[in-house]
Protein chains: 2
Amino acid sequence: MELKRTTEGEKGFEKVFAFLRERLLAGSLKPGDRLISERELATLLGVSRPIVREALRALTVLGIVEIRDRIGTVVTRPDVSVLNDFFTFALAQQADMLDDVMQARVAIECQAIRLACERANIADFERLQRALAKIGETIDEADAGGMADFEFHRAIVVASHSETLTVLHSSMAGLLTHSHRSRRELVQAFPSMKTYLIDDHRRIFEAVIARDPERADATLRKHFAIGDEYRRRAVVGDIDKTSASG
Amino acid sequence: MELKRTTEGEKGFEKVFAFLRERLLAGSLKPGDRLISERELATLLGVSRPIVREALRALTVLGIVEIRDRIGTVVTRPDVSVLNDFFTFALAQQADMLDDVMQARVAIECQAIRLACERANIADFERLQRALAKIGETIDEADAGGMADFEFHRAIVVASHSETLTVLHSSMAGLLTHSHRSRRELVQAFPSMKTYLIDDHRRIFEAVIARDPERADATLRKHFAIGDEYRRRAVVGDIDKTSASG
DNA sequence: GTCTGATCTTGGTCAGACCAGTATGCTAAC
DNA sequence: GTTAGCATACTGGTCTGACCAAGATCAGAC
């Protein structure tokens, strides 16, 4: 890993970026701190302001700092949007990546649900229960149903009380909601999915309530597997009505 | 989701960024394509060159494009380094996040090993076997041992043939190697760890060879759990020599 | 003590310029 | 006809200095 520490060798953008990275990584610049002004930074490092802006902008898209108009540049707590942007772009150029990302999503959720079994508190249970109820209520609506589905799964991750898992999970939120929604659109056509959706989520919920990690993980995995199967069949045209319409 | 499509409303940086994002997401700009020159982009969008550079730089740190000196700006395939940067910064500012990241690592690897059981080919098996052998050979060396350990786990993820999982995993590489290394430093002091390290990894390897996802996952999880246990005890001072030195 | 307004500072942006190499094409030599 | 060679246009990389709008600050008026 080439985390150049020298603020000397590089020039221009690299110089400024390295300078700031150093302070950021060393901890001398912490979230909440305000950087010196762009002008000062420029003269300090012997570069022009546009260059300083490039570096600040770079840190901005990385979610490290926030440039506030007419206020200054402040260090922020890293947040999800970066990953969001990244995945958005990445997926646009590699559509085949979608299934791949889904695998990561499964990974995150299955780990999250295990942690949730240990760490979930009453509030988490209640959130899950509400989401579960919502799924039942909105079973016939594509949009609302998709949201409810997503909320349930998000509640699981939140209940893990793991910020990293939550971050990773929400970074895929865009895709997930899409996925959930399209799944819901199938519901109208295929009655058996209603049972699948409601029962599966209830079983998952119960496993968490029982604080049984193994069962929760297994149930969740099965849930995903069945979902995949539905989608697979939908593509082929086969479904409940196996012998009906082609 | 606020993926502003309008290249109209925003101004300055946002304008350029949105303009490029639109093409990138729509697919009219594909990896390998060369963008028009900064100057042209500037006049085209009615902004100054420094602003264009900010936008290009932003896309650069997101790993979307690459600015080649005196050549031009070309669209690249999104790659890992972005997430790497992000996690590096994120973790630097939240040391307490380390355990949390380990959870994500467990998540990724357990999912990866499941996929690996399905998708691994001969080359993957061989890589795993080599890594396994290396672990045995370097069992008494802290540095090399840590590397071997890391290599083995990385081989698992690679064998999953999931780019997303690989990306996420390597983005935590920095922390992981650290973790592996410090674990290895304990080996010298506590003989029972040698057996643990060698046998565990062998069992994991065998499960993958057997293409048994459930067993592989379970074994890997157990491996992590035991590792945690060792670390936990190390902190307390308790170990093999329970009744020996305090 | 409080309110108000001038001033300083900050980010946001622009215009034009220079440098150093790359790419290209045209010319001149073979 | 082909090719070597060089001038030129073009590219990114950077700097200088300037202007704007609006938040922050502090002096002075009330």
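By convention in this document, chain letters (A, B, ...) are assigned in the order of the sequence lines, proteins followed by strands, and residues within each chain are numbered from 1.
By the 30° and 60° cut-offs, the orientation of the rings of A:Phe17 relative to B:Phe89 is perpendicular.
Contact check, B:Ser37 against D:dT11: a side-chain N or O comes under 4.0 Å of OP1 or OP2. Proximity of A:Thr73 to the phosphate of C:dT10: no side-chain N or O atom is located under 4.0 Å from OP1 or OP2.
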For a salt bridge (charged side-chain N to carboxylate O under 4.0 Å, His left out) check, start with the C-alpha distance between B:Asp100 and B:Arg105, then their side-chain angles and the critical distance, and finish with the verdict. CA-CA 9 Å; B:Asp100 216 50; B:Arg105 175 260 178 106; over 6 Å; no

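Closest to the side chain of B:Ile67, from the set D:dT14, D:dG12, C:dT13, is D:dG12.
In this structure, B:Glu40 reaches the sugar-phosphate backbone alone: every heavy-atom distance under 4.0 Å involves primed, P, OP1 or OP2 atoms, never a base. At the heavy-atom level, B:Glu54 lies nowhere under 4.0 Å from the strands shown.
To the nearest 0.5 angstrom, A:Lys30 atom NZ is 11.0 Å from A:Leu24 atom CG. To the nearest 0.5 Å, atoms CD (A:Glu14) and CZ (A:Phe19) are separated by 15.0 Å.
Straight-line distance from the CG atom of A:Leu44 to the P atom of D:dC15: 14 Å, rounded to whole Å. One atom, CZ of A:Arg34, and another, P of C:dG11, lie 7 Å apart when rounded to the nearest Å. When the P atom of C:dC14 is taken as reference, atom CZ of B:Phe13 falls 13 Å away, rounded to whole Å. A straight line from CD1 of B:Ile51 to P of C:dA15 spans 11 Å, rounded to a whole angstrom. Atom CG of B:Leu41 is separated from atom C1' of D:dG12 by 13 Å (rounded to the nearest Å). Note: CD1 (A:Ile36) to C1' (C:dT9) measures 14 Å, nearest angstrom. For A:Glu38 and D:dG17, the CD to P distance is 18 Å, given to the nearest whole Å. Atom pair A:Arg68:CZ and D:dA22:C1' shows a separation of 16 Å (rounding to whole Å applied).
Sorted by first and then second residue, the salt bridge (charged side-chain N to carboxylate O under 4.0 Å, His left out) pairs involving residues 153-173 of chain B (not counting sequence neighbours) are B:Arg77-B:Glu163, B:Glu151-B:Arg154.
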Using a cut-off of 4.0 Å between protein heavy atoms and nucleotide atoms, how would you tag nucleotides 16-23 of chain C 5' to 3' with B, S and -? -B--BBSS

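No hydrogens or angles considered: a donor-acceptor pair under 3.5 Å links the side chains of B:Glu40 and B:Ser37.
Annotation: B:His169 is not in aromatic contact with B:His153 [ring centroid separation under 6.0 Å not met].
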